[in-house]
Protein chains: 2
Amino acid sequence: MTRPQRSDAARNRAAVLAAADELFATAAAPARVSMDDVAAGAGVGKGTLFRAFGSRAGLIQALWALRTEPLRRAIESGPPPLGPGTDPSQRVAAILDAILVVKLDNRHLTLALEERSGSASLYEQPQYQLVHRLLSDLLRDVGRGKESELLAHLLLAAVRADLLDHLAGSRGSSRRQLRAGVAALVDLVLNGSSG
Amino acid sequence: MTRPQRSDAARNRAAVLAAADELFATAAAPARVSMDDVAAGAGVGKGTLFRAFGSRAGLIQALWALRTEPLRRAIESGPPPLGPGTDPSQRVAAILDAILVVKLDNRHLTLALEERSGSASLYEQPQYQLVHRLLSDLLRDVGRGKESELLAHLLLAAVRADLLDHLAGSRGSSRRQLRAGVAALVDLVLNGSSG
DNA sequence: TTCAGATACGGACTAATGGTCCGGTTATCT
DNA sequence: AGATAACCGGACCATTAGTCCGTATCTGAA
């Protein structure tokens with residue numbers, strides 16, 4: 001039984017999320033946003049911050065969950081091509097493209113999210129596992145039997161934050177090029193067509 | 001003109017490399033090998049360590065360079081299928097497979113190597129760029145024109161340390177399965193054949 | 001409205017760690 | 001042997017995630 005949260009706690013939680021969002025969007029690099037910065041930006045003590053989110057990783061994941069809420073809903077229960085009831089091939093392509101776009105729109109946050117903190121890697125994060133499972137299932141439906149799990153990992157590896165950051169940043173790939181490239185890879189994996 | 005290194009410096013450098021090698025192989029996680037540990041293990045002061053290698057990343061890269069020396073030579077000037085003069089498709093497959101094997105044989109070191117330290121990502125490391133360029137060129141020879149650079153990144157993303165660690169570690173994939181999976185991916189990218 | 005106690009606040013404090021500094025030591029060359 | 005440049009080592013510094021606990025605040029009941 002979790003009793004309702006106290007109002008000041010809720011207010012502070014919101015303030016922290018807003019401040020962190022702002023800081024990650026602004027900062028030169030996500031690693032340069034310290035928890036002290038976030039606390040100061042939110043006008044809150046550090047203890048409060050850690051009480052609310054547990055750890056740096058917890059804060060980042062909460063923020064990410066907030067940012068990806070619409071996408072998650074669209075995938076879980078929205079209309080095609082993202083939602084259920086879509087042709088599996090098209091759904092895989094749509095989901096990967098949507099993930100790519102979200103990541104490009106939140107570069108620093110995504111980088112922070114995928115930075116391994118302590119011993120926890122990207123692959124242990126519940127969200128990753130959810131998407132991976134979904135893609136695996138879809139790939140299986142498409143006829144890739146035992147390979148589907150590995151292929152799902154490989155598709156997701158193609159949209160990893162640091163790779164995108166490298167391509168978009170220091171190598172100047174446009175969003176259009178990236179989407180086309182990922183689409184081509186998906187096509188290759190799904191249909192085996194050579195482009 | 002760099003004058004010859006003093007003998008004690010050379011000795012210490014070797015001791016540090018040996019100690020670091022041992023520690024990374026033994027430790028539970030690469031992040032848990034601190035520079036103090038390495039210095040203590042080598043029976044050397046911290047200043048010496050940093051003088052010799054510049055930074056933690058420098059030490060790790062030096063160690064990696066040592067470990068991959070044979071592979072590098074085989075690729076640069078060895079016999080087929082790794083060396084020059086091989087059919088490009090086969091060479092891509094051979095190189096990726098060799099990289100995979102080296103990474104599996106040095107899991108912790110590879111994890112440490114690919115951990116982003118500060119603002120420097122994997123993609124800025126000279127070794128990555130060398131391999132990437134080589135693969136790009138080979139892919140171009142095989143007929144993948146403008147896509148070759150992106151495809152090379154994607155192939156290399158498939159053998160990233162943390163992914164391999166996840167697959168081999170907490171999910172129990174065997175080396176054989178991993179090699180087969182990567183080989184299948186390469187085949188897909190090269191020939192567009194569907195498995 | 002008041003009050004009691006559970007809940008949350010906040011910022012000083014801790015621990016861990018990468019990296020720096022410089023007085024003292026040692027190899028090397030003549 | 002002696003002069004000198006290179007090197008050593010470990011105390012020291014700065015940064016940062018995370019903890020602790022005395023104090024302030026909210027909330028529900030009387």
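We name chains A, B, ... by the order of the sequence lines, and we start the count at 1 in each one.
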Using only modelled atom types and a 3.5 angstrom limit, is any donor from either the side chain of Lys46(A) or the base of dA17(D) paired with an acceptor on the other? yes
Whole-Å gap separating C1' (dA15(C)) and CZ (Arg32(B)): 14 Å
Write down the distance between CG (Asp37(A)) and C1' (dA17(D)), rounded to a whole number of angstrom. 13 Å
Nucleotide dG18(D), atom P - distance to CG of Leu59(A) in whole Å: 11 Å
Less than 4.0 Å between a side-chain N and a carboxylate O, is that true for Asp8(A) and Arg11(A)? no
Using 30° and 60° as the class limits, which term best fits the ring planes of His153(A) and His166(B): parallel, tilted or perpendicular? perpendicular
Under a 3.5 Å cutoff, is there a donor and acceptor pairing between the side chains of Thr68(A) and Arg72(A)? yes
Establish, with yes or no, whether the OP1 or OP2 oxygen of dA8(C) is under 4.0 angstrom from a side-chain nitrogen or oxygen of Asn12(A). no
Return the CG to CZ distance between Leu59(B) and Phe50(B), rounded to the nearest 0.5 Å. 9.0 Å
With nearest nucleotides of DNA chain C determined for Ala31(B) and Arg11(B) from heavy-atom distances, which residue corresponds to the more 5′ nucleotide? Ala31(B)
Quick check on dT28(C): is either OP1 or OP2 less than 4.0 Å from any side-chain nitrogen or oxygen of Ser7(B)? yes
State whether the distance check finds a donor on one side and an acceptor on the other, under 3.5 Å, for side chain Arg6(B) versus base dT26(C). yes
With a 4.0 Å cut-off, would you call Asp162(B) and Arg160(A) a salt bridge? yes
Side chain of Phe50(A) - closest among dG10(C), dG18(D), dA8(C): dG18(D)
Report yes if at least one side-chain N or O of Thr48(B) is closer than 4.0 Å to OP1 or OP2 of dG9(D); otherwise report no. yes
Starting the side chain at C-beta, find the nucleotide from dG18(D), dA8(C), dT17(C) nearest to Asp36(B). dT17(C)
Can you check the Phe53(A) CZ to dG10(C) C1' distance for me, whole Å? 16 Å
Picking from dA17(D), dG19(C), dC7(D), which would you name as closest to the side chain of Met35(A)? dA17(D)
For Ser55(A) and dA17(D), is the shortest distance between a side-chain N/O and OP1 or OP2 below 4.0 Å? no
Between Arg56(B) and dG18(C), does any side-chain N or O lie under 4.0 Å from OP1 or OP2? yes
Roughly, in whole Å, what's the span from CG in Leu49(A) to P in dC20(D)? 17 Å
Name the residue closer to the 5' end of DNA chain C, choosing between Asp8(B) and Gly47(B) according to the nucleotide with the nearest heavy atom. Gly47(B)
With distance as the sole criterion, do the side chain of Arg51(A) and the base of dA8(C) form a donor-acceptor contact below 3.5 Å? no
